[in-house]
Asker: 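Have a look at the structure that comes next, please.
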2 protein chains.
Amino acid sequence: MQSIMAEQLSDNTTTALNCRGSAFQTKCGNCRLNAICLPIAVQEPDLDALDTVVHRNKPLRKGDHVFRENDNFNSIYAIRSGFVKAYRLTDDGKEQVTGFYFPGEIIGMDGISQNKHSISAKALETAAICEIPFDDIESLSTRFPSMQRHLFSLMSQEIIQDQQLITLLSKNTAEERISALILSISDRNAARKLSTTSFRLPMSRTDIGNYLGLTVETVSRVFSRFQKNNILEVNNKEITILDLEAIRSIISPQQEA
Amino acid sequence: MQSIMAEQLSDNTTTALNCRGSAFQTKCGNCRLNAICLPIAVQEPDLDALDTVVHRNKPLRKGDHVFRENDNFNSIYAIRSGFVKAYRLTDDGKEQVTGFYFPGEIIGMDGISQNKHSISAKALETAAICEIPFDDIESLSTRFPSMQRHLFSLMSQEIIQDQQLITLLSKNTAEERISALILSISDRNAARKLSTTSFRLPMSRTDIGNYLGLTVETVSRVFSRFQKNNILEVNNKEITILDLEAIRSIISPQQEA
DNA sequence: CGATTCGTTGAATTGAGTCAACGAGAGTGG
DNA sequence: CCACTCTCGTTGACTCAATTCAACGAATCG
């Protein structure tokens, strides 16, 4: 039981420590996240080639940066465990959270166009990160077309995600925004074969509010309201979805055609 | 003189008709927009190769689609003249405008990851569009690394732009959003060597509101307020920036550190 | 274990939305 | 050329969802 717990947690929260054991030396071919992080398109030979260029750096602690805004762009990063928050500073010095990233997901592609990062990425808790130098990726990409396509694909996905967030921010109420975030996390947990209904939110209420364009107070109130209506069970950062359908219906209100 | 006029207009509004004349057959190397649309990185041989794959389709009329959401993804498109609005339908059937595109700019890369377009793109007025099959681009990209990098760069730029919009939507007031849009258009006009202070907004108030997450009424009120405060002169879609500094200062309020 | 940050709740305020009316232009047809 | 329609933009009055301000309890961390 205890060990199942550990396994459960292993790419959820306190993982990174375990990484010294197995994950830390794992090759991409063995990594159980590769279905997410790598393309199905990338085949055997590509994979071996990729392995030779991936740096498996030592784990970051909570608050450490993967990279910072304006850092030179050299690499992209795959999250092996832990959670990462991406953000940038607005002209007037406030923080704008632009995304949360989960194990198996890729960050850093924002830097390609200007050769420096346009956002900062910091670990929300202990995190293990694979670093992949972009030069290597580029040359691999010219050799393995499937690799190139995957990269294009990743970036294009990022664009689609951003546009969904744009819609969320410009059209939806506080309840809808928060429902969407919860559902997004639930879906991403599904991809990692974790519970879709019960999980720990790795980020603070402040970060949630910032990301969704709401104040902390509003976020808190919505959580409370959801709890009162038996849609969610909220226990600090632990949440359990009690009524998934309710959440879905909040996001897509009945079309009033 | 007449011909200069035509040339002048050629990437502004009513162009497309003239395109049969000169622009329509122009090669990328001659097109005066290539500094925007193509990378500085793309050198002579790449350029010639590119020319062989670009289709210069017949002009679109106002309201025609460049492509539609869920269309198969085959090509990306460079706008040679006219203006394009990108939008997608939300789950509950409403329209979300995701961007406005000007001559020299590239659209369609949203389709790469899913092999179908995630947004629709329609001409806001008569528009001439260069179509570039993505298969060709991919194979060119493996042959010309500078080309590949440029593509990555374009997509990465799109991500940065989207993230700026996200910030705008989640943190800024109606006045700030509209100021930002005006300034963005002004800047893009600068890149095309057009007036930065006096221009025609190619999109409707409704589209502006939709894009910025505001209602038509609010957009209209802000324009009126700006006019009253001698920041803008508004004449229907024609606007003249009277006080650029005021607009800038609206966007970046004094840091209250 | 105290300090500091984080989260929750309440009361008052407000910026933008909604509803409604109207005017200006663009296009159509007699 | 005028009358008619339809869409688009503007303005006003009212409403409301979310913010702001404030206070307090809970969690986390040296």
Side-chain angles (χ1 to χ4, degrees), chain A residues 13-14 61-64 85 94-95 97 122 124-126 168-182 200-229 232-239 250 253 256, chain B residues 13-14 61-63 85 94-97 122 124-126 168-182 200-229 232-239 250 253 256:
Chain A
T13 50
T14 43
R61 275 161 313 175
K62 174 174 177 175
D64 287 350
K85 165 177 106 172
K94 279 176 293 194
E95 183 176 314
V97 175
K122 79 153 71 149
L124 285 169
E125 52 191 53
T126 312
L168 202 64
L169 292 173
S170 85
K171 296 253 179 316
N172 294 17
T173 64
E175 295 199 353
E176 289 161 353
R177 295 181 203 186
I178 288 177
S179 298
L181 177 63
I182 290 171
R200 186 181 145 83
L201 298 173
M203 70 297 276
S204 71
R205 298 287 193 267
T206 307
D207 284 339
I208 293 176
N210 189 314
Y211 177 62
L212 296 176
L214 301 168
T215 57
V216 206
E217 293 94 327
T218 302
V219 173
S220 182
R221 277 187 255 268
V222 170
F223 274 121
S224 301
R225 217 177 302 152
F226 281 178
Q227 172 137 19
K228 202 176 65 187
N229 298 342
L232 235 54
E233 194 183 307
V234 182
N235 216 311
N236 230 332
K237 305 206 163 180
E238 291 294 338
I239 70 168
I250 287 171
E256 63 296 346
Chain B
T13 49
T14 45
R61 276 161 313 173
K62 175 175 177 172
K85 164 178 105 170
K94 280 175 293 191
E95 183 175 315
Q96 168 68 46
V97 175
K122 80 153 71 149
L124 286 168
E125 53 191 52
T126 312
L168 202 64
L169 292 173
S170 85
K171 296 252 178 316
N172 295 13
T173 64
E175 293 199 354
E176 288 162 352
R177 296 181 202 187
I178 289 178
S179 298
L181 176 63
I182 291 171
R200 187 181 145 82
L201 298 173
M203 71 297 279
S204 71
R205 297 287 193 267
T206 307
D207 285 338
I208 293 177
N210 190 312
Y211 176 62
L212 296 176
L214 301 169
T215 57
V216 206
E217 293 94 327
T218 301
V219 173
S220 182
R221 276 187 256 268
V222 170
F223 275 121
S224 300
R225 216 175 305 152
F226 281 178
Q227 172 137 20
K228 202 176 66 186
N229 298 343
L232 236 53
E233 194 182 308
V234 182
N235 218 311
N236 229 331
K237 304 206 163 183
E238 292 293 338
I239 70 168
I250 288 171
E256 64 294 348

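Treat the numbers as computed from the prediction; the structure is a model and nothing was measured. Each chain gets a letter, A, B and so on, in the order its sequence line appears, and its residues count up from 1.
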Asker: Residues from residues 209-223 of chain B sitting under 4.0 Å of DNA chain D, heavy atoms only?
Answerer: E217(B), S220(B), R221(B)
Asker: Whole Å only: how far is the CZ atom of R177(A) from the P atom of dA17(D)?
Answerer: 14 Å
Asker: Taking only residues two or more places apart in sequence, or in another chain, which ones meet E95(A) in a salt bridge (charged side-chain N to carboxylate O under 4.0 Å, His left out)?
Answerer: K85(A)
Asker: If you take all heavy atoms of L169(A) and Y211(A), which pair is closest and at what distance?
Answerer: CD2-O, 4.1 Å
Asker: Answer yes or no: is there a side-chain heavy-atom contact under 4.5 Å between N210(B) and Q96(B)?
Answerer: yes
Asker: Between dT9(C) atom P and F226(A) atom CZ, what is the distance in whole Å?
Answerer: 14 Å
Asker: Tell me whether S179(A) contacts the main-chain N or O of E175(A) through its side chain, where contact means a donor paired with an acceptor under 3.5 Å.
Answerer: yes
Asker: Between T218(B) and L212(B), does the side-chain contact (heavy atoms from CB on, under 4.5 Å) criterion hold? Intermediate values first, please.
Answerer: CA-CA 11 Å; T218(B) 301; L212(B) 296 176; over 6 Å; no
Asker: With rounding to the nearest 0.5 angstrom, report the OG1 to CZ distance, T215(A) to R221(A).
Answerer: 7.0 Å
Asker: Taking atom P of dC16(D) as reference, at what distance in whole Å does atom CD of E175(A) sit?
Answerer: 16 Å
Asker: Going by side chain to side chain donor-acceptor pair (under 3.5 Å), name the residues that satisfy it together with K122(A), two or more places apart in sequence or in a different chain.
Answerer: none
Asker: Reading nucleotides 25-30 of chain D from the 5' end, what letters show protein touch, with B for base, S for backbone sugar-phosphate only, - for no heavy atom under 4.0 Å?
Answerer: --S---
Asker: Mind calculating the distance between CD1 (I178(B)) and P (dG9(D)) to the nearest angstrom?
Answerer: 13 Å
Asker: Listed in order of residue number, which residues of residues 201-208 of chain A have a non-hydrogen atom at under 4.0 Å from DNA chain D?
Answerer: none
Asker: What is the distance, to the nearest angstrom, from the NZ atom on K94(B) to the C1' atom on dG17(C)?
Answerer: 13 Å
Asker: Testing the basics here: between S170(B) and G213(A), what is the closest heavy-atom pair and its distance to 0.1 Å?
Answerer: CB-CA, 3.4 Å
Asker: Could you check L214(B) against I178(B) for side-chain contact (heavy atoms from CB on, under 4.5 Å), going step by step and ending with a plain yes or no?
Answerer: CA-CA 10 Å; L214(B) 301 169; I178(B) 289 178; 4.2 Å; yes
Asker: Should the heavy atoms of other residues, nucleotides or ligands under 6.0 Å from NZ of K237(A) be counted, would the total exceed 12?
Answerer: yes
Asker: Can you tell me how far CD1 of I208(B) sits from OG of S220(B), rounded to the nearest 0.5 angstrom?
Answerer: 10.0 Å
Asker: Side-chain contact test, heavy atoms from C-beta onward, threshold under 4.5 Å: evaluate it for I250(B) versus F226(B) and give yes or no.
Answerer: yes
Asker: Apply the test side-chain contact (heavy atoms from CB on, under 4.5 Å) to residues N236(A) and E238(A): give CA-CA distance (whole Å), side-chain angles for both, the deciding distance (0.1 Å), then the verdict.
Answerer: CA-CA 6 Å; N236(A) 230 332; E238(A) 291 294 338; 5.8 Å; no
Asker: Output a table of nitrogen or oxygen pairs between the protein and nucleotides 2-4 of chain C separated by less than 3.5 Å.
Answerer:
none

Asker: Separation of E238(B) atom CD from dG25(C) atom P, in whole Å?
Answerer: 14 Å
